[in-house]
Structures are given as structure tokens and as C-alpha cells.
Amino acid sequence: MRKIAGLLFLLPLALTGCNKNQDLDKLSILAPTGAPALAFYRFYGNSNFSTNSGEVSNIISEMVFGNVDVAVLPTNVGIKNIKNKGLDYKLASTITFGNLFLVSAGNDENKTLDNDDYVVLFQKGSVPDVIFCDIYNDLSNVHYVASAQVASACLVSGIDVTNNNAKVDYVLMAEPALTKVQKSHPEKDFKVFANIQTEYKNKHDNHEIFQASIFVKNGLNKEYIDAFLSQIKVDINSLLNNPDVLDEYIQKIADPQSFLGIDVTSAKESLKENNRLGLNYKKCDEYKGDVRTFLELFGEKDINEEVFYK
């Protein structure tokens with residue numbers, strides 16, 4: 001993870017007025033690699049924008065010491081740490097809304113998901129696992145692998161090499177890895193068995209998965225932060241309308257694959273496929289029902305109104 005030299009800007013932003021046209025590059029921003037990092041393409045090449053490819057605890061550590069103005073975290077993780085560690089941040093807006101799909105490896109003869117089927121999941125105990133098990137809570141033949149990359153390998157090979165080469169029937173996949181696998185292996189014709197986002201909405205009265213969110217540090221100039229959030233909303237909408245807008249900004253990064261932790265070509269294709277990447281922008285204060293429903297899956301109840309940026 002690149003460290004951010006954003007501390008120099010915290011005092012001026014907190015104490016001085018600014019207008020909506022003030023240079024937003026002064027904000028220090030830390031985002032995880034993957035889909036969330038795409039939302040900040042306008043800031044690529046800016047020394048105050050960094051990505052984290054390691055554990056989410058790295059981002060939490062920077063927030064504990066107030067080293068960043070803006071941080072992106074799984075919504076549940078951010079709220080938990082505001083409550084338990086007193087992080088001096090508020091929940092502003094969500095930018096990813098789920099990118100999970102249950103994919104058939106082509107081995108299930110009756111093509112019906114049941115307890116005879118071998119299902120591969122990843123990230124046990126975190127968002128993909130919790131959401132899947134919330135929807136399919138009656139399945140028992142579920143097996144976990146270490147990462148999304150291993151899950152992809154299970155889909156391609158049709159076996160679980162981590163468990164005596166057991167035959168795999170279904171694999172939980174995330175975008176854009178799914179798009180990459182489908183494009184790389186057209187001969188296998190991997191079929192999406194279930195759109196997890198749709199299944200979640202069907203179960204939870206049309207509420208959405210509020211997966212990764214922007215948290216903003218308290219004490220910063222509100223007009224400045226509002227201008228920043230408005231810009232992110234505009235940028236995301238522009239990206240959804242034309243994923244090729246990324247091309248101009250990617251050139252500002254020496255090693256996009258490493259810095260973003262994502263295959264940009266596959267990400268663009270995923271966006272073009274009805275936004276299977278799940279990128280969007282919604283202000284959390286306006287969707288409290290969705291946020292609270294999502295957080296309840298992780299045991300986070302009785303959320304204080306003060307955690308929402310207004």
C-alpha cells in the first residue's frame with residue numbers, strides 16, 4: 001500500500017472555507033483495489049490517491065490516526081469500526097452494490113441446485129460468504145477456498161484441487177473475474193445459474209446490497225466534501241454510460257494491474273454487460289433502509305443516526 005501524504009491537508013480543509021471549484025486533488029483518498037478503485041479514475045496519477053491491496057485492517061489503521069480524508073471500506077466493516085474503535089468518520093455513500101454470481105461448472109446433471117451439489121465459496125465470514133449463505137441457508141455441501149482466484153481455478157478445471165480433486169458443480173464468482181474466465185474459455189460455455197444481487201433483492205423486499213462505501217473524516221469543510229461527492233457521482237455515471245472513459249486515465253498509472261488489482265479490460269466488458277460489476281452511486285442517508293438491512297446480516301443493529309453523513 002502506498003502511504004498518503006494527506007495529513008498536511010487536514011488542517012486547512014477543516015478550518016478554512018472553500019468553494020465548489022476548489023481543487024479536489026488536495027483530498028487524501030484511500031481505496032481498496034478492485035471495483036471500488038475504478039470510481040476514482042479522475043484521481044489516477046494524483047499522489048494523494050492510494051490503493052490498498054492488502055488486508056482491510058491497513059485502511060482501518062490509517063483511519064484510526066486520521067491520516068486520510070476519504071476512505072473506502074466494506075460498509076459493515078466501516079460501521080463496526082466507527083462503533084468499536086471510535087473512528088472519526090461518517091458513512092457518506094455506497095459505490096458498489098454487489099458483483100456476485102453463482103456459476104455452473106457444467107457437472108450438475110439435473111441442473112438444479114440442491115444438497116447433492118458441490119458448491120465452492122470464497123472469503124469465508126466476509127461479504128460474499130455472508131450474502132450467499134443468507135440466500136441459500138439450507139445448503140450443506142458448501143466448501144471454502146482461500147480466494148476468488150482459487151474459486152476461478154475451480155470453475156475452469158471443474159474440480160476442487162484443495163479437496164482431493166472433488167468434482168465441482170457450482171462456484172461463486174465475482175466480477176470482473178467471471179467475465180475474464182468466460183472470455184478466456186468460450187469453449188466451456190460457463191452459465192450463470194443465479195444473479196446473487198437479484199436473489200438478495202427478492203429475499204429482502206427489493207433492498208440492495210450496499211457493499212463498499214465512502215467514509216469521510218469529520219471536521220472537513222462540508223461544501224468541499226459535498227463537491228467531492230458530487231464529482232464522484234458524476235464520474236461514476238459517466239463511466240456507466242461509457243466504460244471507455246477509463247482509457248484516458250489509465251495511462252496515468254505505470255502498472256494498472258498492480259495499482260488497481262483488477263483486469264481493466266475485463267472490468268470494462270463487465271460494465272458493458274449490464275453493469276455486472278455493480279458500480280453505482282447512492283447517498284446512504286437517502287437509503288437507510290437498504291443500509292440497515294445489509295448491516296443486520298453482520299449483526300450490526302441499532303445504527304446511530306450520527307454515523308450518516310448528511
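Atoms considered below: every heavy atom in the structure, side chains included; atoms not considered: hydrogens, waters and symmetry mates.
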side-chain hydrogen bond (donor to acceptor under 3.5 Å, both in side chains) assessment of Asn58 paired with Asn52: CA-CA 7 Å; Asn58 294 337; Asn52 172 63; 3.1 Å; yes
Please step through side chain to side chain contact (heavy atoms under 4.5 Å, CB included) for the pair Val72 and Leu30, ending with a clear verdict. CA-CA 6 Å; Val72 179; Leu30 178 55; over 6 Å; no
Quick one: pull up OG in Ser93 and OH in Tyr281 and give me the separation to the nearest 0.5 Å. 3.0 Å
Validation row, ring centre Phe132 to ring centre Tyr200 under 6.0 Å: no
Would you please say whether a donor-acceptor pair under 3.5 Å links the side chains of Asp290 and His204? no
Kindly check if the number of other-residue, nucleotide or ligand heavy atoms within 6.0 Å of NZ (Lys80) is above 12? no
Please assess Asp244 against Lys268 for the test side chain to side chain contact (heavy atoms under 4.5 Å, CB included), listing each intermediate value before the final yes or no. CA-CA 7 Å; Asp244 292 330; Lys268 287 169 55 179; 3.0 Å; yes
Does either side chain, that of Asn195 or that of Gln197, offer a donor lying less than 3.5 Å from an acceptor on the other one? yes
Looking at CZ of Phe294 and CD of Gln211, how far apart are the two atoms once the value is rounded to the nearest 0.5 Å? 6.0 Å
Drop me the distance from Asp117's CG to Ser140's OG, to the nearest 0.5 angstrom. 10.5 Å
When rounded to the nearest 0.5 angstrom, what is the spacing between CZ in Phe259 and OH in Tyr44? 7.5 Å
For the residue pair Lys288 and Phe308, would you count it as a cation-pi contact if the rule is NZ or CZ under 6.0 angstrom from the ring centre and within 45 degrees of the ring axis? yes
Donor on one side chain, acceptor on other, Asp160 and Asn164, under 3.5 Å: no
OH (Tyr249) and CD (Gln251) are apart, to the nearest 0.5 Å, by 11.0 Å
A quick test of your reading: do over 12 heavy atoms of other residues, nucleotides or ligands sit less than 6.0 Å from CG of Asn274? no
Spatial distance of atom CG (Asn107) from atom OH (Tyr118) [nearest 0.5 Å]: 12.0 Å
Would you say that Val150 contacts Thr162 through its side chain, given a criterion of any heavy-atom pair below 4.5 Å between the two side chains? yes
Verify whether one side chain among Glu55 and Ser57 offers a donor that lies under 3.5 Å from an acceptor in the other. no
Salt bridge present between Glu286 and Lys233 (N-O < 4.0 angstrom): no
What orientation do Phe49 and Phe43 show, parallel under 30°, tilted 30 to 60°, or perpendicular over 60°? tilted
Polar side-chain atom of Asp134 near backbone of Val130 as donor-acceptor pair, under 3.5 Å: no
Is it true that the NZ or CZ of Lys124 lies under 6.0 Å from the centre of Tyr144's six-membered ring and within 45 degrees of the ring axis? yes
Do Ile95 and Asn280 have side-chain heavy atoms sitting under 4.5 Å apart? no
Measure from the side-chain N and O atoms of Asn221 to the backbone N and O of Glu223, and report whether any donor-acceptor pair falls under 3.5 Å. yes
Leu239 versus Leu279: any side-chain heavy-atom pair under 4.5 Å? yes
Which residue pairs satisfy the salt bridge (charged side-chain N to carboxylate O under 4.0 Å, His left out) criterion with at least one member in residues 89-113, sequence neighbours excluded? none
pair Val119-His143: side-chain heavy atoms closer than 4.5 Å: no
Polar contact flag, side-chain donor to acceptor under 3.5 angstrom, Tyr309-Asn218: no
